[in-house]
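In this chain, residues are counted from 1 in sequence order. Basis for what follows: all heavy atoms, side chains included, without hydrogens, waters or symmetry-related copies.
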Amino acid sequence: MNFSTIAPYVWDPSFDDAPDCLLSSDQCVIKAQHYFVKGLIEIPVIGTNDVFSWGVWVSLSRENFSRAADLWDTPGRESEKPYFGWLTTELPIYSPSTLNLKTNLRTRPIGQRPLIELEPTDHPLAVEQRTGITRERVREIAEAVFHQTNDGS
């Protein structure tokens, strides 16, 4: 019920050894100029108590990234106001592109990934987040992701 990406769309393996770049399981910095946090886009599964989630990356301003990083291990961080960001993960099963969709990143209690709320537009991903998906749609997503992974695309 969860598919996740390893790095933001703009990450390049050549950044691995660069002193001004960082990629962890939760945060990413590129050239000490671009800042990203990994979170979850959660989508309710209609007729169940289940939630399908996409583990994706959101770009934040330097100020918001610094604030989130400072509070990363602080109890009560979930009371922080949401941080505006841009989705920086391409989910190729959606059209148009998911890159640069407007988001709000909400921190949650320590040990939980932040929640990513998409701007309520008519983009198919935003619609699914608002209205939910069926179990059949979960299967379709799993098949599409599995085929992309196995095809190398």
Closest non-hydrogen atom pair, Leu40 against Gly55: CD2-CA, 3.7 Å
Test Arg108 against Glu42 for salt bridge (Lys or Arg N to Asp or Glu O under 4.0 Å), laying out the working first. CA-CA 13 Å; Arg108 297 197 273 195; Glu42 295 184 343; 3.1 Å; yes
Derivation of the salt bridge (Lys or Arg N to Asp or Glu O under 4.0 Å) call for Glu78 and Arg106: CA-CA 7 Å; Glu78 64 273 16; Arg106 293 186 181 275; over 6 Å; no
Side-chain touch Phe36/Gln27, heavy atoms, less than 4.5 angstrom: no
Are Val29 and Leu23 co-members of a hydrophobic cluster defined by side-chain heavy atoms under 4.5 Å apart? no
Salt bridge (charged side-chain N to carboxylate O under 4.0 Å, His left out) involving Arg67 - partner list, sequence neighbours excluded: Glu80
When you measure from the side chain of Arg77 to the backbone N and O of Trp72, does any donor-acceptor pair fall under 3.5 Å? yes
Residues forming a salt bridge (charged side-chain N to carboxylate O under 4.0 Å, His left out) with Glu90, sequence neighbours excluded: none
Test Trp57 against every option in Val10, Leu87, Thr5 by the side-chain contact (heavy atoms from CB on, under 4.5 Å) rule and name the one that passes. Thr5
Is it true that the side chains of Ser24 and Asp26 contain a donor and an acceptor less than 3.5 Å apart? no
Using only atom types and a distance under 3.5 Å, with no angle test, would you say the side chain of Gln129 pairs donor to acceptor with the backbone of Ile116? yes
Any chance you could pull the hydrophobic cluster mates of Trp86, using side-chain heavy atoms under 4.5 angstrom and chaining through other members? Phe84
Would you tell me whether Lys38 and Thr89 have side-chain atoms, one donor and one acceptor, within less than 3.5 Å of each other? no
